Every structure is written in structure tokens, then in C-alpha cells.
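Here the structure is a predicted model, which is why all the values come from computation and not from measurement. Residue numbers start from 1 in every chain, and the chains themselves are labelled A, B, ... in the order their sequence lines are given, proteins ahead of strands.
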2 protein chains.
Amino acid sequence: MLRLSKLSDYGTVIMAHMAREPARSVSAAELADAVGLAPTTVSKVLKLLTRAQLLGSRRGVHGGYALARSPEEISLAQVIAAVEGPIGVTECGAAAGLCAQEAACPSRASWLRVNRVVHEALDGVSLAEFARPAPPPATPVNLAAIHPGGGHTCAP
Amino acid sequence: MLRLSKLSDYGTVIMAHMAREPARSVSAAELADAVGLAPTTVSKVLKLLTRAQLLGSRRGVHGGYALARSPEEISLAQVIAAVEGPIGVTECGAAAGLCAQEAACPSRASWLRVNRVVHEALDGVSLAEFARPAPPPATPVNLAAIHPGGGHTCAP
DNA sequence: GTCATTTGGTACCGATTCAGTCCCGTTTTG
DNA sequence: CAAAACGGGACTGAATCGGTACCAAATGAC
Ligand code: FES
Ligand code: FES
């Protein structure tokens with residue numbers, strides 16, 4: 001399915017929530033309540049996001065998390081990479097490439113292209129536009145054709 | 001990691017191999033030997049590809065598999081969808097959408113856009129260009145920046 | 001007609017990965 | 001010092017995935 005992991009999904013929901021009130025510091029517990037997920041799970045994701053420097057944190061009695069940058073400067077790609085590691089649909093190129101004659105692989109170029117496009121697509125969506133009703137969808141999209149079904153988490 | 005499943009990877013390798021000699025009918029065993037994977041596994045993937053009408057099959061003593069269409073008319077998206085089901089990084093929109101007020105979801109539009117771009121990227125690569133050294137990579141790509149490491153299967 | 005060959009379908013099991021929880025240490029404030 | 005909150009792992013149960021095996025159906029050779 002080429003699907004995002006649940007944790008990444010949570011990450012986007014959490015970040016979207018925070019983007020609606022940037023500069024405000026919220027605790028993990030409060031956030032968990034807001035998005036309707038288990039506090040421990042939210043906490044785990046917050047730690048990952050903080051480690052990736054997307055969030056700033058303060059400990060202690062009035063501690064909490066806050067966006068490290070403005071929502072316009074944080075992309076979906078950054079959020080996803082923070083939670084589930086580097087983005088890439090294939091993992092060719094590097095070390096243990098089981099490819100034919102190592103460098104002379106016919107498919108490599110194609111995979112690189114796909115990887116690049118995917119990364120750019122994710123990087124082209126900022127938290128700002130992700131969190132708000134999205135003014136104009138740039139290019140009109142045929143909803144039914146593209147979008148297969150499932151059901152994923154979203155902030156209430 | 002937003003990674004492709006192994007089986008899908010196998011699928012692409014197998015299809016690439018067949019695209020190099022279209023119109024030739026090969027048995028699962030021969031193919032397995034060619035790509036260096038377990039015959040049973042190759043067989044499993046071939047069944048999926050056949051069910052999706054990307055391959056034609058013939059049973060019996062001189063049976064085997066062959067491309068159902070020309071390599072130019074088969075895209076990576078089709079191969080991947082055949083092996084691991086419909087492509088989509090998120091599964092919002094459909095039935096069990098746990099979203100806020102069902103239709104009025106701020107993030108939905110963004111996800112749809114991402115899904116569309118990913119699908120188009122995969123659909124824009126035909127087996128023909130995937131199987132051959134790829135004449136000119138259209139837009140020049142910065143290899144190092146985009147491509148994180150791993151190592152995936154490739155036909156020898 | 002019978003048998004070897006090759007695909008079709010499905011069920012199954014082991015291994016890996018993922019999601020979720022918990023515990024304990026550290027920092028901050030009252 | 002005590003309470004509130006984050007930081008970093010470790011651990012566990014569940015779900016998924018990869019791989020294998022088995023048997024039925026089709027085809028062609030003899
Ligand atoms: S090494 Fe990546 S496609 Fe061959
Ligand atoms: S339902 Fe998909 S983002 Fe809200």
C-alpha cells in the first residue's frame with residue numbers, strides 16, 4: 001500500500017494541532033487529550049519530533065512543547081522523516097546494493113527519480129497549509145479516482 | 001521510511017526482466033533462476049501479476065508467463081498496485097474516516113494532493129524506461145542529497 | 001489414455017516490524 | 001524537598017509480511 005506508519009500519522013496530526021496555536025506551549029497530557037490518543041503514545045511521538053528539532057521543549061512544572069519554527073517553515077516531509085526516518089520508497093544506491101554490476105543498474109535512475117518526486121511532494125506541503133482549510137487546492141483533483149479507502153486519524 | 005514492500009520490489013525486478021524480452025514466454029522456474037530468488041516466492045509474485053492482468057499465462061508442458069502488453073504500456077504504479085494493493089500514503093477519505101466533522105477536514109486536501117503526486121510519479125515510469133539504461137534522466141538529479149541508504153534487490 | 005509439466009489458489013507458519021506501555025532519571029518551579 | 005513535566009530506553013503483545021507447502025486444474029507429449 002505504500003502507506004504511512006500510524007506513528008507518522010499521529011505526528012502530522014499533532015503538529016497540525018500545534019500549528020493552529022503556534023508559540024503556545026502545551027504539555028503532552030493536554031495534547032493527548034486534544035487529539036484523542038493515549039498520553040504515552042503522544043509522548044513518544046513528541047520526543048521524536050523534539051529530537052528532530054521540530055519542537056522545542058521545556059521541562060519542569062510549567063514545561064511543555066512548542067513549535068521550533070513557524071508553521072510555514074515546517075513541511076510534512078520533515079515531520080514524517082522525524083518520526084519514521086529518512087523518506088524513500090526504495091533503498092537502493094547505498095551500501096549493500098545487490099545490484100548487477102554495482103553502478104551500471106538500469107533501474108536505478110528511475111527509482112531515484114521517483115524518490116525525488118515523492119520527497120518533493122511531501123516537502124511542498126507546509127504545516128501552515130496542512131493545518132488550515134487550504135485556500136485553493138492549486139490544481140483541481142479528481143477525488144474519487146485517486147483516493148482509495150481506509151480511514152485515518154485526524155484531530156477532532 | 002515510506003518504503004516499498006519486498007514483494008513489490010521483486011515484482012518490479014521480475015517485470016523489468018521480462019520487459020527485456022517481451023513476447024517471450026518464460027516459466028516461473030526459469031525466471032526465478034534468472035533473478036536469483038526462491039522459485040516459490042517468484043511464483044507467488046507472478047500469480048499476483050497475472051491476476052492483475054499485467055501478465056498472461058499458459059499452463060501445461062510448454063506453459064509460462066509473458067507480458068500482456070508492451071513494456072511502454074505498463075507502469076511501475078501498475079506493478080506495485082498489483083502486488084501490494086492500491087497505492088496511497090494515507091487512507092483518508094473513505095469509509096471509517098475518524099476525522100473531525102467528517103467532510104470538513106483541514107488536512108484532507110493536502111493528503112489528496114500528496115497521494116496524487118505519488119501516484120503520478122509511479123505511473124510516469126514505464127517498464128520500458130525502467131528496464132533499460134534510461135536514455136536521458138530528463139531533469140538532472142542530485143544523487144547524494146535525495147537518496148538514503150539501504151540496498152535492494154536487482155536483477156543480475 | 002496416461003503421465004509429466006506447469007500454472008492457480010489457498011492455507012499455513014516463522015520472523016520481523018510496529019504500536020503501545022512502562023519505568024526511571026533529569027530538570028524546573030513552588 | 002516535593003510535584004510536575006520532559007528524556008531515554010526497554011519491554012511486550014499484536015499485526016503484518018515474507019516465505020513455503022500442498023493440492024487442484026490445465027496442457028501437451030507419447
Ligand atoms: S541497485 Fe537499486 S535498482 Fe539496481
Ligand atoms: S479524514 Fe483524512 S485528514 Fe481528516
**Student:** Hey, what else clusters with A/Val117 if you join Ile, Leu, Val, Met, Phe, Trp, Tyr whenever side-chain heavy atoms sit under 4.5 Å?
**Tutor:**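 Besides A/Val117, the hydrophobic cluster comprises B/Val117, listed by chain and residue number.
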**Student:** Indicate yes or no: does A/Glu84 engage B/Arg3 in a salt bridge with an N to O separation below 4.0 Å.
**Tutor:** no
**Student:** For A/Leu76, does its backbone N or O pair with a side-chain atom of A/Asp123 as donor and acceptor, under 3.5 Å?
**Tutor:** no
**Student:** In chain order, what residues pass the salt bridge (Lys or Arg N to Asp or Glu O under 4.0 Å) check against A/Glu73, with sequence neighbours excluded?
**Tutor:**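 Residues passing salt bridge (Lys or Arg N to Asp or Glu O under 4.0 Å) with A/Glu73: none at all.
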**Student:** In whole Å, what is the span from the CG atom of A/Leu48 to the P atom of C/dT21?
**Tutor:**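 Going from A/Leu48 (CG) to C/dT21 (P), I get 15 Å.
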**Student:** Strictly under 4.0 angstrom, non-hydrogen atoms only: write out the protein contact profile of nucleotides 1-12 of chain C, one letter per nucleotide from the 5' end, B, S or -.
**Tutor:** ----BBBBBB--
**Student:** Would you mind writing out the side-chain donor-acceptor pairs for residues 33-58 of chain A within the sub-3.5 Å range, not counting sequence neighbours?
**Tutor:**
residue: A/Thr50; atom: OG1; partner: A/Leu46; partner atom: O; Å: 2.7

**Student:** Kindly say if B/Tyr10 contacts the phosphate of D/dG18, meaning a side-chain N or O under 4.0 Å from OP1 or OP2.
**Tutor:**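 No.
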**Student:** Mind listing the N/O atom pairs, protein and nucleotides 13-15 of chain C, below 3.5 Å?
**Tutor:**
none

**Student:** Figure out the CG/C1' separation between A/Leu7 and C/dT17, and round it to whole Å.
**Tutor:** 12 Å
**Student:** Just how far, in rounded Å, is P of D/dT16 from CG of B/Leu4?
**Tutor:** 18 Å
**Student:** Please list every donor-acceptor pair under 3.5 Å in which a side-chain atom of residues 59-69 of chain B meets a protein atom from a residue at least two apart or in another chain.
**Tutor:**
residue: B/Arg69; atom: NH2; partner: B/Gln78; partner atom: OE1; Å: 3.0

**Student:** What's the CZ-P distance between A/Arg3 and D/dT16, to the nearest Å?
**Tutor:** 8 Å
**Student:** Holding to salt bridge (Lys or Arg N to Asp or Glu O under 4.0 Å), I want the full list of residues that pass it with B/Glu72, two or more places apart in sequence or in another chain.
**Tutor:** none
**Student:** Quick one: does B/Glu129's side chain have a donor or acceptor within less than 3.5 Å of a partner on A/Ser110's backbone?
**Tutor:**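 Judged by distance alone, no pair lies under 3.5 Å.
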